[in-house]
J.: 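For reference, the structure I am asking about is given below.
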Protein chains: 2
Amino acid sequence: MKETEPVIRHTADCLRASRVLSSIAGKWSVLVIMLLREQPLRFSELKRGVDGISQRMLTLTLRNLERNGLVTRTVTPSIPPRVDYELTGLGHSLADPIQSVGLWAFRHLEKIEAAQAHYDARATAPSGPDGEN
Amino acid sequence: MKETEPVIRHTADCLRASRVLSSIAGKWSVLVIMLLREQPLRFSELKRGVDGISQRMLTLTLRNLERNGLVTRTVTPSIPPRVDYELTGLGHSLADPIQSVGLWAFRHLEKIEAAQAHYDARATAPSGPDGEN
DNA sequence: CCGTATCCAGGGGGATACTG
DNA sequence: CAGTATCCCCCTGGATACGG
(Lines give C-alpha, C1' and ligand atoms only; values in the text may rest on other atoms or scores of the structure.)
Protein backbone atom coordinates (compact mmCIF):
# COMPACT_ATOMS: atom_id res chain seq x y z
CA MET A 1 0.00 0.00 0.00
CA LYS A 2 1.10 3.52 -0.74
CA GLU A 3 1.72 6.19 1.77
CA THR A 4 -0.67 9.08 1.48
CA GLU A 5 2.09 11.18 2.98
CA PRO A 6 5.41 12.02 1.35
CA VAL A 7 7.70 10.21 3.74
CA ILE A 8 11.21 11.18 2.76
CA ARG A 9 11.15 13.94 0.23
CA HIS A 10 14.58 14.74 -1.03
CA THR A 11 18.13 15.85 -0.64
CA ALA A 12 18.49 18.60 1.89
CA ASP A 13 15.66 17.37 4.07
CA CYS A 14 17.49 14.15 4.86
CA LEU A 15 20.51 16.02 6.06
CA ARG A 16 18.43 18.35 8.20
CA ALA A 17 16.34 15.51 9.55
CA SER A 18 19.36 13.41 10.42
CA ARG A 19 20.80 16.38 12.26
CA VAL A 20 17.59 16.82 14.23
CA LEU A 21 17.40 13.13 14.94
CA SER A 22 20.98 13.12 16.14
CA SER A 23 20.09 15.85 18.56
CA ILE A 24 17.32 13.92 20.21
CA ALA A 25 19.18 10.65 19.86
CA GLY A 26 21.71 11.33 22.55
CA LYS A 27 22.46 8.40 24.79
CA TRP A 28 20.00 9.51 27.45
CA SER A 29 17.46 11.78 25.76
CA VAL A 30 14.83 9.10 25.31
CA LEU A 31 14.89 8.09 28.95
CA VAL A 32 14.70 11.69 30.13
CA ILE A 33 11.77 12.42 27.84
CA MET A 34 10.00 9.29 29.04
CA LEU A 35 10.27 10.51 32.63
CA LEU A 36 9.22 14.09 31.88
CA ARG A 37 6.27 12.79 29.93
CA GLU A 38 4.52 11.89 33.17
CA GLN A 39 5.13 15.15 35.00
CA PRO A 40 7.62 17.97 35.50
CA LEU A 41 10.63 16.92 37.51
CA ARG A 42 13.52 18.64 39.16
CA PHE A 43 17.13 17.91 38.45
CA SER A 44 17.76 15.50 41.28
CA GLU A 45 14.55 13.61 40.58
CA LEU A 46 15.64 13.08 37.02
CA LYS A 47 19.06 12.03 38.22
CA ARG A 48 17.54 9.42 40.48
CA GLY A 49 15.00 8.38 37.86
CA VAL A 50 17.42 7.63 35.10
CA ASP A 51 20.04 5.92 37.23
CA GLY A 52 23.38 5.46 35.65
CA ILE A 53 23.52 8.91 34.18
CA SER A 54 26.21 11.25 35.43
CA GLN A 55 25.50 14.76 36.60
CA ARG A 56 27.38 16.07 33.63
CA MET A 57 25.46 14.05 31.06
CA LEU A 58 22.12 14.90 32.61
CA THR A 59 22.99 18.57 32.40
CA LEU A 60 24.13 18.28 28.80
CA THR A 61 21.09 16.25 27.82
CA LEU A 62 18.71 18.75 29.40
CA ARG A 63 20.55 21.70 27.84
CA ASN A 64 20.27 20.02 24.47
CA LEU A 65 16.55 19.34 24.89
CA GLU A 66 16.09 22.93 25.99
CA ARG A 67 18.01 24.17 22.98
CA ASN A 68 15.74 22.19 20.69
CA GLY A 69 12.67 23.69 22.29
CA LEU A 70 11.54 20.42 23.86
CA VAL A 71 11.81 21.30 27.55
CA THR A 72 11.62 24.42 29.66
CA ARG A 73 13.94 25.13 32.54
CA THR A 74 12.49 26.94 35.53
CA VAL A 75 14.79 28.16 38.26
CA THR A 76 13.47 28.86 41.72
CA PRO A 77 16.18 30.84 43.50
CA SER A 78 15.52 29.44 46.94
CA ILE A 79 18.03 27.90 49.29
CA PRO A 80 18.76 25.25 48.40
CA PRO A 81 18.12 26.17 44.75
CA ARG A 82 15.43 24.33 42.86
CA VAL A 83 15.25 23.79 39.11
CA ASP A 84 12.27 22.20 37.41
CA TYR A 85 12.19 20.75 33.94
CA GLU A 86 9.01 20.36 31.94
CA LEU A 87 8.14 19.32 28.43
CA THR A 88 6.97 22.08 26.09
CA GLY A 89 4.12 21.57 23.66
CA LEU A 90 6.65 20.55 21.06
CA GLY A 91 8.22 18.24 23.57
CA HIS A 92 4.90 16.59 24.33
CA SER A 93 4.26 16.10 20.63
CA LEU A 94 7.47 14.09 20.51
CA ALA A 95 6.90 12.32 23.79
CA ASP A 96 4.40 9.78 22.51
CA PRO A 97 6.51 8.53 19.58
CA ILE A 98 9.55 8.52 21.83
CA GLN A 99 7.66 6.62 24.48
CA SER A 100 6.87 3.95 21.90
CA VAL A 101 10.49 3.59 20.98
CA GLY A 102 11.55 3.58 24.60
CA LEU A 103 9.05 0.92 25.58
CA TRP A 104 10.13 -1.11 22.57
CA ALA A 105 13.71 -0.92 23.80
CA PHE A 106 12.77 -2.11 27.28
CA ARG A 107 10.62 -4.90 25.93
CA HIS A 108 13.23 -6.22 23.54
CA LEU A 109 16.37 -5.84 25.62
CA GLU A 110 16.83 -9.59 25.71
CA LYS A 111 16.34 -10.17 22.02
CA ILE A 112 18.65 -7.37 21.04
CA GLU A 113 21.41 -8.47 23.34
CA ALA A 114 20.99 -12.04 22.16
CA ALA A 115 21.24 -10.93 18.54
CA GLN A 116 24.36 -8.97 19.35
CA ALA A 117 25.96 -11.89 21.10
CA HIS A 118 25.09 -14.15 18.19
CA TYR A 119 26.50 -11.71 15.65
CA ASP A 120 29.66 -11.16 17.66
CA ALA A 121 30.16 -14.88 18.05
CA ARG A 122 30.07 -15.38 14.29
CA ALA A 123 32.37 -12.44 13.74
CA THR A 124 34.86 -13.66 16.33
CA ALA A 125 34.84 -17.31 15.31
CA PRO A 126 34.31 -17.39 11.53
CA SER A 127 35.59 -20.99 11.32
CA GLY A 128 32.35 -22.41 12.70
CA PRO A 129 30.77 -23.39 16.00
CA ASP A 130 32.84 -26.60 16.28
CA GLY A 131 35.33 -25.53 18.90
CA GLU A 132 38.40 -24.51 16.95
CA ASN A 133 41.87 -24.43 18.51
CA MET B 1 2.97 4.80 41.85
CA LYS B 2 0.20 5.00 39.34
CA GLU B 3 1.31 3.73 35.97
CA THR B 4 -0.22 0.37 35.19
CA GLU B 5 2.90 -0.47 33.27
CA PRO B 6 6.33 -0.40 34.81
CA VAL B 7 7.85 2.13 32.45
CA ILE B 8 11.36 2.49 33.72
CA ARG B 9 12.03 -0.20 36.24
CA HIS B 10 15.36 0.23 37.87
CA THR B 11 19.07 0.49 37.77
CA ALA B 12 20.59 -1.89 35.32
CA ASP B 13 17.69 -1.71 32.87
CA CYS B 14 18.34 1.94 32.21
CA LEU B 15 21.91 1.30 31.33
CA ARG B 16 21.00 -1.58 29.05
CA ALA B 17 18.18 0.37 27.44
CA SER B 18 20.33 3.40 26.83
CA ARG B 19 22.89 1.16 25.19
CA VAL B 20 20.25 -0.34 22.93
CA LEU B 21 18.83 3.07 22.16
CA SER B 22 22.26 4.37 21.30
CA SER B 23 22.64 1.52 18.85
CA ILE B 24 19.51 2.35 16.92
CA ALA B 25 19.98 6.05 17.38
CA GLY B 26 22.89 6.42 15.04
CA LYS B 27 22.85 9.46 12.84
CA TRP B 28 21.21 7.59 9.94
CA SER B 29 19.46 4.55 11.41
CA VAL B 30 16.03 6.12 11.56
CA LEU B 31 16.10 7.14 7.90
CA VAL B 32 17.32 3.72 6.79
CA ILE B 33 14.62 1.96 8.80
CA MET B 34 11.99 4.28 7.36
CA LEU B 35 13.03 3.29 3.85
CA LEU B 36 13.25 -0.42 4.57
CA ARG B 37 9.84 -0.29 6.19
CA GLU B 38 8.22 -0.07 2.77
CA GLN B 39 10.15 -2.84 1.08
CA PRO B 40 13.51 -4.58 0.89
CA LEU B 41 16.14 -2.50 -0.84
CA ARG B 42 19.60 -3.06 -2.15
CA PHE B 43 22.64 -1.13 -1.09
CA SER B 44 22.67 1.37 -3.93
CA GLU B 45 18.95 2.01 -3.59
CA LEU B 46 19.40 2.86 0.07
CA LYS B 47 22.34 5.05 -0.80
CA ARG B 48 20.23 6.97 -3.26
CA GLY B 49 17.22 7.03 -0.96
CA VAL B 50 18.91 8.55 2.03
CA ASP B 51 20.94 11.11 0.13
CA GLY B 52 23.74 12.70 2.02
CA ILE B 53 24.94 9.48 3.59
CA SER B 54 28.40 8.28 2.68
CA GLN B 55 29.11 4.75 1.54
CA ARG B 56 31.01 4.16 4.70
CA MET B 57 28.24 5.32 7.00
CA LEU B 58 25.59 3.37 5.14
CA THR B 59 27.70 0.25 5.52
CA LEU B 60 28.27 0.86 9.21
CA THR B 61 24.62 1.69 9.83
CA LEU B 62 23.47 -1.48 8.08
CA ARG B 63 26.05 -3.61 9.88
CA ASN B 64 24.87 -2.20 13.15
CA LEU B 65 21.22 -2.87 12.36
CA GLU B 66 22.17 -6.38 11.29
CA ARG B 67 24.09 -6.91 14.51
CA ASN B 68 21.04 -5.90 16.51
CA GLY B 69 18.88 -8.37 14.62
CA LEU B 70 16.84 -5.68 12.89
CA VAL B 71 17.77 -6.35 9.27
CA THR B 72 18.92 -9.29 7.22
CA ARG B 73 21.63 -9.06 4.61
CA THR B 74 21.25 -11.24 1.54
CA VAL B 75 24.10 -11.53 -0.89
CA THR B 76 23.49 -12.61 -4.48
CA PRO B 77 26.89 -13.50 -5.90
CA SER B 78 26.15 -12.33 -9.41
CA ILE B 79 28.23 -10.02 -11.51
CA PRO B 80 27.91 -7.29 -10.59
CA PRO B 81 27.20 -8.43 -7.04
CA ARG B 82 23.86 -7.67 -5.50
CA VAL B 83 23.07 -7.25 -1.81
CA ASP B 84 19.56 -6.86 -0.45
CA TYR B 85 18.59 -5.59 2.96
CA GLU B 86 15.30 -6.39 4.59
CA LEU B 87 13.74 -5.76 7.98
CA THR B 88 13.40 -8.78 10.24
CA GLY B 89 10.32 -9.37 12.35
CA LEU B 90 12.05 -7.58 15.18
CA GLY B 91 12.95 -4.80 12.78
CA HIS B 92 9.37 -4.42 11.69
CA SER B 93 8.21 -4.25 15.28
CA LEU B 94 10.47 -1.25 15.69
CA ALA B 95 9.65 0.27 12.34
CA ASP B 96 6.31 1.77 13.32
CA PRO B 97 7.55 3.61 16.41
CA ILE B 98 10.60 4.74 14.47
CA GLN B 99 8.42 5.89 11.62
CA SER B 100 6.50 8.09 14.06
CA VAL B 101 9.69 9.66 15.32
CA GLY B 102 11.01 10.12 11.81
CA LEU B 103 7.84 11.77 10.58
CA TRP B 104 7.85 13.98 13.63
CA ALA B 105 11.38 15.08 12.75
CA PHE B 106 10.42 15.91 9.18
CA ARG B 107 7.32 17.77 10.28
CA HIS B 108 9.06 19.86 12.88
CA LEU B 109 12.32 20.66 11.12
CA GLU B 110 11.45 24.33 11.00
CA LYS B 111 10.41 24.63 14.63
CA ILE B 112 13.46 22.80 15.88
CA GLU B 113 15.87 24.85 13.86
CA ALA B 114 14.10 28.01 14.93
CA ALA B 115 14.37 26.97 18.58
CA GLN B 116 18.05 26.24 18.13
CA ALA B 117 18.67 29.60 16.49
CA HIS B 118 16.77 31.34 19.27
CA TYR B 119 18.69 29.50 21.99
CA ASP B 120 22.04 30.14 20.32
CA ALA B 121 21.21 33.81 19.93
CA ARG B 122 20.56 34.15 23.66
CA ALA B 123 23.67 32.19 24.50
CA THR B 124 25.81 34.32 22.22
CA ALA B 125 24.35 37.63 23.36
CA PRO B 126 23.54 37.15 27.05
CA SER B 127 23.25 40.90 27.69
CA GLY B 128 19.88 41.12 25.98
CA PRO B 129 18.37 41.73 22.55
CA ASP B 130 19.13 45.45 22.65
CA GLY B 131 22.39 45.68 20.78
CA GLU B 132 25.05 45.13 23.39
CA ASN B 133 28.68 46.10 22.98
C1' DC C 1 28.22 -2.97 -7.55
C1' DC C 2 29.43 -3.49 -2.84
C1' DG C 3 32.11 -3.01 0.08
C1' DT C 4 36.89 -2.47 3.32
C1' DA C 5 41.10 0.24 4.82
C1' DT C 6 43.11 4.31 6.19
C1' DC C 7 43.57 8.90 7.73
C1' DC C 8 41.91 12.44 10.51
C1' DA C 9 39.16 16.08 13.08
C1' DG C 10 35.55 16.65 16.37
C1' DG C 11 32.68 15.58 19.86
C1' DG C 12 30.39 12.17 23.02
C1' DG C 13 30.69 10.75 27.29
C1' DG C 14 32.83 8.98 31.87
C1' DA C 15 35.31 10.45 36.42
C1' DT C 16 36.38 13.73 39.45
C1' DA C 17 36.74 18.10 41.78
C1' DC C 18 35.10 22.63 42.69
C1' DT C 19 31.36 26.69 43.15
C1' DG C 20 27.08 29.43 44.44
C1' DC D 1 20.84 21.19 45.32
C1' DA D 2 22.32 22.16 40.84
C1' DG D 3 25.38 22.87 38.31
C1' DT D 4 30.62 24.18 35.87
C1' DA D 5 35.27 22.97 34.81
C1' DT D 6 38.84 19.89 33.58
C1' DC D 7 41.04 15.79 31.92
C1' DC D 8 41.08 12.23 28.79
C1' DC D 9 39.78 8.32 25.95
C1' DC D 10 37.54 6.48 22.24
C1' DC D 11 33.97 6.42 18.94
C1' DT D 12 31.61 8.78 15.26
C1' DG D 13 31.61 10.20 10.97
C1' DG D 14 33.56 12.53 6.71
C1' DA D 15 36.91 12.03 2.60
C1' DT D 16 39.46 9.33 -0.09
C1' DA D 17 41.47 5.30 -2.13
C1' DC D 18 41.66 0.56 -3.02
C1' DG D 19 39.83 -4.59 -3.67
C1' DG D 20 36.68 -8.49 -5.14
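Just so it is clear: chains get the letters A, B, ... in the order the sequence lines come, proteins before strands, and each one is counted from 1. Not measured: the values here are computed from a predicted model.
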J.: side-chain hydrogen bond (donor to acceptor under 3.5 Å, both in side chains) with B:N68: which of A:Q116, A:E113, A:K111, A:H108?
T.: A:Q116

J.: Quick one, B:L31 and A:C14 - any side-chain contact, counting heavy atoms below 4.5 Å?
T.: yes

J.: Starting at NZ of B:K47 and ending at P of D:dG14, how long is that distance when rounded to a whole Å?
T.: 11 Å

J.: Would you mind reporting whether A:F43 and A:Q55 have side-chain heavy atoms less than 4.5 Å apart?
T.: yes

J.: Tell me, which pairs form a salt bridge (Lys or Arg N to Asp or Glu O under 4.0 Å) where one or both residues lie in residues 92-102 of chain A, sequence neighbours left out?
T.: A:R37-A:D96

J.: Does A:R19 reach the side chain of A:L15, with side-chain heavy atoms less than 4.5 Å apart?
T.: yes

J.: Between D:dG3, C:dG3, D:dG14, which nucleotide has the shortest distance from any of its atoms to the side chain of B:W28?
T.: D:dG14

J.: Quick one, which residues of residues 53-67 of chain A touch DNA chain D with a heavy atom under 4.0 Å?
T.: A:Q55, A:R56, A:T59, A:R63

J.: Quick one: A:L46 CG to D:dC1 P, roughly how many Å, whole number?
T.: 14 Å

J.: Apply the side-chain contact (heavy atoms from CB on, under 4.5 Å) test between B:V71 and each candidate in B:L87, B:D84, B:V32, B:T61; give the one that qualifies.
T.: B:L87

J.: Within residues 74-85 of chain A, find the residues that approach DNA chain D with a heavy atom at under 4.0 Å, and present them sorted by residue number.
T.: A:P80, A:P81, A:V83, A:Y85

J.: Side-chain N or O of A:R73 less than 4.0 angstrom from OP1 or OP2 on D:dG3?
T.: yes

J.: Would B:Y119 end up clustered with A:I33 when hydrophobic side chains under 4.5 Å apart are linked, directly or stepwise?
T.: no

J.: With a 4.5 Å heavy-atom cut-off, do B:K27 and B:I53 have their side chains touching?
T.: no

J.: By the 4.0 Å heavy-atom rule, please label A:K27 as base, sugar-phosphate, or nothing.
T.: sugar-phosphate

J.: Mind calculating the distance between CZ (A:R19) and P (C:dG11) to the nearest angstrom?
T.: 13 Å

